[in-house]
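This structure is a prediction, so every number in the text was calculated from the model and none was measured. We count ligands from 1, going down the list as the structure has it; atoms in each ligand are counted the same way.
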Amino acid sequence: MDSFQFFHGYQFGFGLHYIDFNNIHRPRTPKFSAHLYYNIMKDNGFSLPDDEKMLYGEFKKDFIWSSATASYQIEGAWRQGGKGLSIWDKFTHTPGNILQHDTGDIACNSYNKMEDDIAALKKVKVSHYRFSVSWPRILPDGTTEYINQAGLNYYKKLLDSLIAANIQPQVTLYHWDLPQALQDVGGWENETIIERFRDYADILFENLGPKVQLWITFNEPFIIAILGHVQGTHAPGFSDRPDTLPYIVSHNIIKAHAEAWHVYNDKYRASQNGMVSITVNADWAEPRNPYKQEDYDAARSVVEFYLGWYAHPIFNGDYSPLMKRSVLEQSLAGGLTKSRLPEFTPEEIKRINGTYDYFGLNHYCSVLAFPVDFGEIQHFEADRGVVLLRDRTWLESGSHWLTMTPFGLRRLLKFIKHEFGNPPIIITENGVSENGPVDLNDVHRKYFYEKYINQVLKAYLLDDVNVIGYTAWSLLDNLEWAVGYTERFGLFYVNRSDPDLSRTPKASVSFYSSIISCNGFPDPASGTHECWNSTSTPTPTLTPKPEEPINNVNFLGMKLSAKDAETGLNATFALLIIALTGAISLFIGFFLVKKSSKKSKKTENVELDKRS
Ligand code: PNW
């Protein structure tokens, strides 16, 4: 309990119980820590929080089980078959942009290795495959002036092969490889691109639409805006106007998405009957300090600025009030007379609102947030006004930005359900990377998929979120953008020193495949399950480690058991503290004597407390 702390008196309370020293009866009130400590004693340690316990059960019938890739990351053949150049061809060929000077010139050579990729998909037993179309492969200069038939044929053949293998396609129209010719006239900054994108979409719907039921217009507009147009670490590599460019670019992307959706709705829906939507990405954000309202508000801003930026206009109509307010306030703080966030006209709001058939979500990890006032700075980061952190206990991956936080996916799904009117949700990307030496036994990926997919199951069964699909990023190790081939997200290892770029399944392939075959997680307590591949375990149970019997720890020159070494270490530590306390007391005693002699000389009033 709180008590007298010598020099500090009653200033600091070390107690599990708070004591009111102003009250003559000295009442005791348990603090939060008292409850915490009680639970640790009761459980004789730390029990698994409910959040982390496995839930057994199945996903809905006809659940979409998929794996994904993107054209620039896997196709290669950068100048084959009449393809035009993309902004990523130019960006990777500009020295200094990509780690180890990697490019997508050859990538996984998927343009010429279609059969290998289909064989890989069959091995995973996915029901769907998400791939993207390279815009400059279809329209080399970005416009419909010239349509490259060889490009269309490649994707038609891919679709036919998939369908023959009983795998349904999920096709992304734009996964970042803009025709360089369009960048040369301003790229996403030039609003004529809205028409260009609509025409491109029209061609794809017309030519490929009869074989496709699931379309994604844009992949991760947030990453296009921020990495491509604020940080400059992605193509086209701009970082000179972080105050306005991300907003202009995003404004045009949202309108381009809406136009593509309307083309499908007006011209193709009746005959093709597919679904068209956009894929947005978001981290989940938690308050850094769960006892501070402002940290909750900061966490909310993070998610609103990630997916809300795009989902609000498309699912609810117009930018969110939070986003409008934040950008306006920061613009005014910088002396501007109006917001840097462009406005939609009432007609535009109407035309954009409702242009979705499902909610496409890419998610990888969570962050901790707290607010920061950036003063007058005119920058996207200042508009959002938060600082992001990661909890040190979260497991790391092969990518510095990706720490494993399965709980965040369930919370994000619940947030989407409530914020955007309970739409059907397809998780269009989720996955984890490794870097460094190759190990085909990718236990971290099995762990990641088990924990994250289980959280999706909880969202579906316990929170009634309408999740209709899950996509593992990625089928293959591929070009991970600015970090080249150093970070590997694949279910399959691609051997880059083999000229044939052979694909080898990692251990996670059979694990993910079992989850797919079972359509979820069967309860091991109810016996063995035919759907579960015997090489993968559904629930790695945590059995306590036995005491280590062998003397294998070197402690001060002696061979001791780990337990004895620990005792020895504690004893040494205790002795050290006693010695240190003694020395400190001596020092303080000496100091006090000197001080009191000075005080008596000068008759000064020195408060002891001030020394601390
Ligand atoms: C997504 N970040 O991109 C993309 O859709 C994929 O092409 C990519 O390979 C995958 O995630 C893994 O990175 C991201 O820095 C790129 O936070 C970077 C970030 C997030 C997503």
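- Considering only heavy atoms from C-beta on, His93 comes within 4.5 Å of Asp105 through its side chain.
- The shortest separation from a heavy atom of Asn281 to ligand 1 is not under 4.0 Å, leaving the residue out of contact.
- Which parts of ligand 1 touch His175 is read off a 4.0 Å heavy-atom cut-off, strictly below it: atoms 4 (C), 5 (O), 6 (C), 7 (O).
- Distance from atom 4 (C) of ligand 1 to its nearest protein heavy atom, with residue and atom name: Glu429 OE1, 3.3 Å.
- Under the 30°/60° scheme for interplanar angles, the aromatic rings of Tyr72 and Trp88 are found to be tilted.
- Heavy-atom contacts of Trp176 reach the following atoms of ligand 1: 3 (O), 4 (C) (cutoff under 4.0 Å).
- Side chains of Gln80 and Asn112: a donor on one and an acceptor on the other come within 3.5 Å.
- At under 3.5 Å, not a single nitrogen or oxygen of His234, backbone or side chain, sits near a nitrogen or oxygen of ligand 1.
- Proximity of Ile216 to Tyr174: side-chain heavy atoms (C-beta onward) are nowhere separated by under 4.5 Å.
- Partners of Tyr154 under the side-chain hydrogen bond (donor to acceptor under 3.5 Å, both in side chains) rule, at least two apart in sequence or in another chain, do not exist in this structure.
- For ligand 1, the atoms lying closer than 4.0 Å to a non-hydrogen atom of Phe489 are 12 (C), 13 (O).
- If you run side chain to side chain contact (heavy atoms under 4.5 Å, CB included) between Ile254 and each of Ile194, Thr355, Ile352, only Ile352 comes through.
- The shortest side-chain heavy-atom distance between Glu304 and His312 falls under the 4.5 Å cut-off.
- Proximity annotation for atom 21 (C) of ligand 1: of Glu220, Glu487, Glu480, His400, Glu220 comes nearest, heavy atoms only.
- Set against the non-hydrogen atoms of Ile223, the atoms of ligand 1 under 4.0 Å away are 19 (C), 20 (C).
- Annotation: Gln73 places an N or O atom under 3.5 Å from an N or O atom of ligand 1; distance criterion only.
- Close approach of ligand 1 to Tyr364 (heavy-atom distance below 4.0 Å) involves ligand atoms 10 (C), 11 (O), 12 (C).
- Taking only nitrogen or oxygen atoms, main chain and side chain alike, Asn219 reaches within less than 3.5 Å of ligand 1.
- Looking at heavy atoms from C-beta onward, Val432 lies in side-chain contact with Met404 at the 4.5 angstrom threshold.
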